[in-house]
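Here is the structure we will look at.
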Amino acid sequence: MSASKAVLRKFFGYPDFRPRQQDIVDAIAQGKDVLALMATGFGKSICFQVPALIRPGVCVVVSPLIALMQDQVTTLRELGFKAESLNHTHSKEAARNIVTRLACGDVKYFYCSPETLGQGRIKAALARTVVGMFVIDEAHCISQWGHDFRPEYSRLRRILNVLSEEQQERPPRAAFTATATKKVKVDIVRSAGLQDHVEFNGGVARPNLIYRTSKTEKLRKSLYDILMSHKGEATIVYFLTIKGLQEAAESIGDPDILQYHGKISAGERSSVLSKFMKGEANVVFATDAFGMGVDKDNIRCVVNVGYPLSVEHYVQQSGRAGRDGLPAHCYMLVTNKHFFSQKFFVDRSSLSEKTLLDVWRVMLQKPGYKWPFNERSLSKELANTSGLTLSSFEVQPIVNFLEGEGCIEVFFEGKRQLIRVARAFAQAPVDELERRNLDISSKASVMREYVDFSGCKAGYIESYFTGEVVRGGCGVCQFCEPDPGQVYTESSWKVSRTLRLMKDRYGVKQTQMVLLGFRDTWKIQDRGHDKLDTFGSLAHLGAGGVKSLIDSMISCGILERTRTKFPSLRETKFGEALARSYIESGGEAQPVVRNKG
């Protein structure tokens, strides 16, 4: 048995790695730099947590998400490991204790943001101990061409190089992301300072996700129908605007639907998140911020109302569904008005050339000046020193862009975060600005094309990231699935028989598990469902295929969900008649034609 597999079994309790995990683990354990593209839910954390136990020293994990850091630290501690995260939520005393333990080699996993990693006390602490490896999570944030660029990530290469020089042996660097185009991958390699790296591309394909897009002018009805078809299941509905969210919530009129957006307090947002995570609420209407770093594996449905700003945004949001590997639906509902909503956000994300030139001109006039980093303070300082009147909303994206281009640098003076001109360009990088704005506009356009695309939805997404045409279909999206609802077949009969054998007492998920032959769960064995003669009879269709079959049978009126607190699945009278016809004909496929009289 390999060392990595022995660690996996002994400390994490898994019998074996998922596909590609062991290759990534072994590469890092051998000291190689790695860039890994792994779809959400494919076990990214194991890929660096296991080699950290093989290599000596602390594993330093850089992440932008405090919630995700805290979740992983809690999990590692429960497994008996010495894990810590450090961020602005810690008290001075708690932070001092963590830094002391870090310097003494008493921490195995250390999670922090790029800003924290660049602090002098952290650099000093890591210089006194052995660093086994550096991990860059959400690595797409490092690229200006990524959908979630964070300028503090642009300083990582310099910070990591300084920290590596303090070590006897250069620690390997591993960068992980779920979404990266070819352009973003090149940027990650450069900006993270990866050397002779090994790339692992697991793709973005999630075979258990069932994609549906719909253009509709009856938004309330379409959304209501989706919510009813997933009643009792964990569901997130994303909106581009708070106004659209509130209007939809009011029109649906369900008091059990929670809302998560920027107009509610931090305490309310925390309460909404907690209720959703604990299963005390099933449906959340939210803006983009909801879900970042949330590790809830049984989300069965994600709905996007309106066009996301890019395929990357969409994959991040829809990817929060089905992390347990079971089928989950990803819907997108758009109206004609949503084009204008998307355009508004695209225009807001694009940067003004005039504003760039104005800010750069003022900064060049004071090359040694120490400007405040805070956007409000910087806006006031620009006005006071030059009369340049700009809102903080206008100034901050320009500063982020200039930092990403290396025109300015961010530094600390005591506790104050400041910026100054790094290179005296004769001209501002206007060409790069134009390319950036064009990139934002193009990504939004691709998202609209995705909705109109009359082919495999999963294949379209895969092609976007790989740049290659994906042959064949996913088998479960609205354009690939067989249309089992139009013909009552042997598979349809097996679904119907399973419901009768279970006495119409269980829902879609239990029915799926029986038909797929899921034996390793108490919900199957304790109820004796593994003894049914249809147990495992549709395993060849796969999880997505069985869910698609059941959905089609519901939409055709063969099956129905009961309108109870915990909906169960049952045959309709029409479905019973089809089943009888199927048996009486000796198993010949029956056309699904309702008697309109």
Side-chain angles (χ1 to χ4, degrees), residues 7 10-12 28-29 31 45-138 141 150 152-153 155-176 192-193 293 373 410-418:
V7 168
K10 179 179 179 180
F11 295 105
F12 295 92
I28 298 172
S45 59
I46 282 292
C47 291
F48 59 81
Q49 289 172 353
V50 169
L53 297 178
I54 298 173
R55 295 185 61 81
V58 60
C59 170
V60 178
V61 183
V62 181
S63 172
L65 307 173
I66 292 177
L68 187 58
M69 291 187 213
Q70 293 172 338
D71 286 347
Q72 292 200 10
V73 166
T74 298
T75 300
L76 287 167
R77 285 177 177 172
E78 289 173 352
L79 291 171
F81 300 119
K82 294 179 179 180
E84 294 288 354
S85 67
L86 186 59
N87 53 67
H88 67 271
T89 64
H90 288 87
S91 66
K92 288 184 179 179
E93 184 178 349
R96 193 180 306 115
N97 179 52
I98 291 171
V99 173
T100 300
R101 290 180 52 224
L102 185 63
C104 295
D106 194 36
V107 177
K108 186 60 183 175
Y109 297 94
F110 178 63
Y111 288 74
C112 67
S113 66
E115 303 97 316
T116 300
L117 188 64
Q119 293 176 5
R121 59 179 178 171
I122 302 301
K123 290 179 180 178
L126 291 175
R128 292 174 54 190
T129 191
V130 176
V131 176
M133 55 190 284
F134 291 109
V135 177
I136 305 164
D137 201 4
E138 306 294 338
C141 296
R150 306 199 178 198
E152 60 271 16
Y153 262 66
R155 302 190 286 274
L156 263 181
R157 179 173 59 179
R158 177 164 45 85
I159 295 171
L160 294 179
N161 287 346
V162 170
L163 293 173
S164 296
E165 288 171 3
E166 300 290 340
Q167 300 292 312
Q168 290 185 355
E169 178 184 320
R170 179 186 178 276
R173 302 175 190 182
F176 292 87
F373 180 75
V410 180
F411 65 99
F412 283 89
E413 196 169 78
K415 292 186 177 180
R416 292 186 68 207
Q417 195 171 13
L418 304 169

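Please read all numbers here as calculations on a predicted model, not as lab measurements.
The closest donor-acceptor contact from the side chain of H90 to the backbone of S85 lies under 3.5 Å.
Between A29 and P51 the shortest heavy-atom distance is N-CB, 3.9 Å. Considering all non-hydrogen atoms of both residues, P56 and V130 come closest at O-CG1, 4.1 Å. Across R173 and S164, no two heavy atoms sit closer than the pair NH2-OG, 3.3 Å. Nearest approach of I28 to P172, heavy atoms of both residues: O-CG, 3.9 Å. Listed here is the closest heavy atom pair of M133 and V135: CE-CG2, 3.7 Å. Heavy-atom minimum distance, C141 versus P64: SG-CG, 4.2 Å.
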* To do: May I have the step-by-step check of side-chain contact (heavy atoms from CB on, under 4.5 Å) for N97 and R101, ending in yes or no?
  => CA-CA 6 Å; N97 179 52; R101 290 180 52 224; 4.0 Å; yes
* To do: Using the side-chain contact (heavy atoms from CB on, under 4.5 Å) rule, take L160 and I136 through it: C-alpha gap first, then chi angles, then the decisive distance, then the call.
  => CA-CA 10 Å; L160 294 179; I136 305 164; 4.0 Å; yes
* To do: Could you give me the CA-CA distance, side-chain angles and deciding distance for L79 and F11, then say whether side-chain contact (heavy atoms from CB on, under 4.5 Å) is met?
  => CA-CA 7 Å; L79 291 171; F11 295 105; over 6 Å; no
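In this structure, the side chains of F134 and I159 stay at 4.5 Å or more apart for every pair of heavy atoms. Counting heavy atoms from C-beta on, the side chains of T129 and F110 never come closer than 4.5 Å. Between L53 and K108, some side-chain heavy-atom pair lies under the 4.5 Å cut-off. Contact of the L102 side chain with the E84 side chain is not registered, since no non-hydrogen atoms from C-beta on lie closer than 4.5 Å. Residues L156 and L117 form a side-chain contact, since some pair of their non-hydrogen atoms from C-beta on lies under 4.5 Å apart. S63 places none of its side-chain heavy atoms less than 4.5 Å from the side chain of Q72.
Counting heavy-atom neighbours within 6.0 Å of K123 NZ, excluding the residue itself, gives a total above 12. At most 12 non-hydrogen atoms from other residues, nucleotides or ligands lie less than 6.0 angstrom from CZ of R128.
The only option from V162, V99, V131 that meets the side chain to side chain contact (heavy atoms under 4.5 Å, CB included) definition with L126 turns out to be V131.
Here Q119 pairs with R121 under the side-chain hydrogen bond (donor to acceptor under 3.5 Å, both in side chains) rule; sequence neighbours left out.
If you take CZ on R77 and NZ on K82, they are separated by 12.0 Å, rounding to the nearest 0.5 Å. The CD atom of Q70 lies 6.0 Å from the CG atom of N87; values are rounded to the nearest 0.5 Å.
If you check the side chains of E115 and S113, you find a donor sitting under 3.5 Å from an acceptor.
Note: Y109 and F48 fail the aromatic proximity criterion, with ring centroids not under 6.0 Å apart.
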